[in-house]
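For reference, the structure is listed below as structure tokens.
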Amino acid sequence: MDPALGPPEAMAEKRDELTPMMRQYHDLCARYDDAIVLFQVGDFYETFCGAAERSARLLEVALTSREDSTGEYPMAGIPIDNAESYIEELLEAGYRVAVADQVEEPGESSGVVERAVTRVITPGTLTEDELLAGDDNNFVAAVARGEDAGSERGEIALALLDVSTGDFLATSSSSREAIADEVSRFDPAEAVVGPDAPADLLPENCMVTPYDETAFDRDRAGAKLSAYFRNPDALLASDAEIRACGALLSYAEYVRGGAHEGERGETADEAETEDDALDDEDHHLEYLTHLTRYDPREYLLLDAVALRSLELFEPRTVHGRDDATLVGVLDETASALGGRKLRDWLRRPLLEPDRIEARLDAVEELTGAVRTRERLHDLLRDVYDLERLIGRISRERANARDLRSLRDTLAVVPEVRDELADTDCDRLRRLHDALDPLADVRELIDDAIVSDPPIEITEGGVIAEGYDADLDDLRGTARDGKQWIDDLEERERERTGIDSLKVGYNSVHGYYIEVTNPNLESVPENYQRRQTLKNSERFVTPELKEREDEIVGAEERADEREYELFCEVRREVAAEVERVQGLAEALAALDALVSLATAAAQYDYCRPEIEERGSGADGDGRVLEIEGGRHPVVERTQESFVPNDARVTDDRRLAVITGPNMSGKSTYMRQVAQIVLLAQVGSFVPASAARLTPVDRIFTRVGASDDIAGGRSTFMVEMDELATILREADENSLVLLDEVGRGTSTADGMAIAQAITEHLHDRVGATTLFATHHHPLTELADDLAAAFTLHFEVEQVDGEVVFHHEIAPGAATGSYGVEVATAAGVPESVVDRARDLVAAADADTEPGDEATDAATASSDAPAAETAAATADGGDVPTDVATELRALDLAHLTPVEALTELDRLKRLLEE
Ligand code: ADP
Ligand code: MG
């Protein structure tokens, strides 16, 4: 057990003797024993004992101590004023944080100030803007099983909630892999797991939070859901989903903490109710108004490997730039709302041509209408993060400025609507109609809240003049009183004849009349001495005192009335949560569409033609035709890019791609997949023309995604990924295989590569792009009906290799590895010897050579052994020739090349 968590042992031993305050601390630690408790003492959040030692080190704050009759306890505190940055560090270190605030004013009751946990901050449930990335969701997940939890085939449900925006999703599957894929799609920061939940589905960067098992109970979860949504049983597909969603809701309520979040302290009585946190009506999160149940099969499936290798959200360091991602290229959104929407679209590309076309129509119209697009972009820039704003308003965490921000956003809406008034596009028309300017809400805020309110909402200056008669009266009284005092100086000077008489104010004594020592003679009867200074005396009069009390009383009551009114207005706005969310949704989609159109125009993308499978002109099957395709990310990171075509149909669906290292194989395969993905997002694509039938799933095995840190060898990882592909791909999948079979001996590698190719061709039927350095595979392609070869041309100029990055039909003539070795500075003599060896090997092998024969010869014996067995003695023994042909010199370091040559030479000499 982490000594920073739970009740400190030193305190536990003598709990009953502790001072009341320390007992409070001890008890809160016991209640929130999976979190570091930040305990408000005045202007600081304090931690004690183990937690203090931990936070002092982590946060680099001073470790002090607090002593009482029971002992001395280590203590470390952080200032409340900028607590967020400290909390962020605690979260980063893997802790949850329970914030225990003073929930009554000191002195309000006798005894110790009441404190309660007002919020539990965990990585997945953040609502603080300071701790959140604006343009991406921050999800907390819940994973649960169905009732038949024990059985192997038990269904697994996944619920996902963004507490800051109210986005709430649920899905389920009987396949563990499918759930794991959904988890990586949404990348939750935290997952709440119930009894026998498969926590091993969760990636390492996801904090696992074990949570009250009873919350996962079917009936309890169902009841919790019913408190939020009408008829959850109809909304969700299974018991497992109900359990996951219900538990997640109670967790979301729990992290809101025990007390209200109102900025004013609540009374001790109210804080008491926190013992029933799980059931408490008061913790209802009003802004969770919609729950979307989806089936993973409704979207193009991208597993974690594909997300990474297609560079959707995370850069591959090869391109050397952090923004070198698909989302980095496409994100021209103007608002946080749009940024999140775009990411959601990229995460979940569509399958149905109609839905894709609807987005494409909108993108096309916006691409053409330059002025409208630019104007919309400018307007959308003034749109605040409405989802998080209404969340805060609804959780009673919003201040007056937040309400003004809402009002400012609403003010933009009519203008946005106007820009779309003449649209012919269905999708844009519907967005136009959904843009509710919420005139009533805007009017309410305009009437009620001053235009530039202070941050504090308890100290007045928030509510506008004329909104409330009582408030205006109180303010009038205060104003009149002040005016009377302002005039007092003049009046008293005249009355007393003391020209230097002054009226002033100080916070201890209030208003006073000051008379300098020489004039004290002339002080009238009714002056009462208050304070003696060196050169003067200060007085009050009963009348002045009376006026002052009146002013102070009126001001105090005005502040209170303002706070009351503010809370009322905030509640009234909160009641419109669904309309605000509907507006947010429309603005988000519009921003995402404008962003896609902007990128399309800026980078010269074209509208892809989407065809329903089965209606293709080329027969009944798949189509994938790209003219002049480019890699959207690579083309942005370098000066020039050579466009390439692609053409796939049912009877031409497995491409074996060869070419020397660095010629463009990997880039080509990725760009094809990215173009397909973008098209299914509803985006224009980097090509001069594209026509395709949607695919269900993209599989990749691209490049070296080592998992050595995870304790598995590269080869193991590769085979693992391959196994998934071979098991799950079908004729609706797009499969990219890049240099498969590198992690083992060349003979083994080639045998594996060949077997995979055959399997994908004969049994799976997926659209497959296979880049390989195993040349014999190109010959295999000739034997497989629906396979074909592509290669990258390179030119040799004066013995040097020039890359054209141009793809062409057929197989590469050689690996050019030897030439690349020259360019890399491998000594001339070694290169010459290598040339001889390659020539000898070429002379020795005929088309349909032993490697091909081997793999088809026997299904029992491993291919490599068979190859060795069929060796016929020539100038160069066949095993050496085979190894040489398959040897990828370009991927070897000079030293490795030398070692390899040395080994082969010795083999020859044997
Ligand atoms: P391979 O997989 O054949 O070893 P890559 O696809 O990794 O080669 O390409 C190597 C480099 O060549 C890329 O990083 C890129 O800079 C450049 N390149 C690839 N394709 C093109 C292209 N079509 N136009 C311009 N440069 C390209
Ligand atoms: Mg490559």
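Start at 1 and go down the list; that is how both ligands and their atoms are numbered. Here the structure is a predicted model, which is why all the values come from computation and not from measurement.
A salt bridge between D730 and R697 is absent, with no side-chain N of the basic residue lying under 4.0 Å from a carboxylate O of the acidic one. Ion pair R185/D344 not flagged as a salt bridge, since none of the NZ, NE, NH1 or NH2 atoms sits closer than 4.0 Å to an Asp/Glu carboxylate oxygen. The pair E182-R348 does not meet the salt-bridge criterion, since no charged nitrogen lies less than 4.0 angstrom from a carboxylate oxygen.
Of the polar atoms of F641, none of the N or O atoms is found under 3.5 Å from an N or O of ligand 1, judged by distance alone.
If you number the atoms of ligand 1 from 1 as listed, the ones under 4.0 Å from a heavy atom of G664 come out as 1 (P), 3 (O), 5 (P), 6 (O), 8 (O), 9 (O), 19 (C), 20 (N). Applying the 4.0 Å criterion to heavy atoms of P660 picks out, from ligand 1, the atoms 3 (O). In the vicinity of S640, heavy-atom distances shorter than 4.0 Å reach the ligand 1 atoms 25 (C).
The closest approach between S663 and ligand 1 falls below 4.0 Å for a heavy atom of the residue. In this structure, A771 does not count as a contact residue of ligand 1, since none of its heavy atoms falls inside 4.0 Å of the ligand.
Counting heavy atoms under 4.0 Å from ligand 1, residue P643 does not touch it at all.
Taking the six-membered ring for Trp and thresholds of 30 and 60 degrees, F803 and H805 have nearly parallel ring planes, at less than 30 degrees apart.
Remark: among candidates R630, E635, Q638, the nearest residue to atom 15 (C) of ligand 1 is Q638, based on non-hydrogen atoms. The option from K665, R670, H805, Q671 that lies nearest to atom 3 (O) of ligand 1, judged by heavy atoms, is K665. Compare V642, N661, I657, T658 by their heavy atoms: the one nearest to atom 23 (N) of ligand 1 is in V642.
Put simply, S666 gets within reach of the Mg ion (ligand 2), with an N, O or S atom under 2.8 Å from it.
Scanning for ring-ring contact (aromatic ring centres under 6.0 Å, His included) contacts around F186 gives F139, with sequence neighbours left out. Scanning for salt bridge (charged side-chain N to carboxylate O under 4.0 Å, His left out) contacts around D187 gives an empty result, with sequence neighbours left out.
Within 6.0 Å of CZ in R176 there are more than 12 heavy atoms belonging to other residues, nucleotides or ligands.
In this structure, E758 and L780 have side chains that are in contact, with non-hydrogen atoms separated by less than 4.5 Å.
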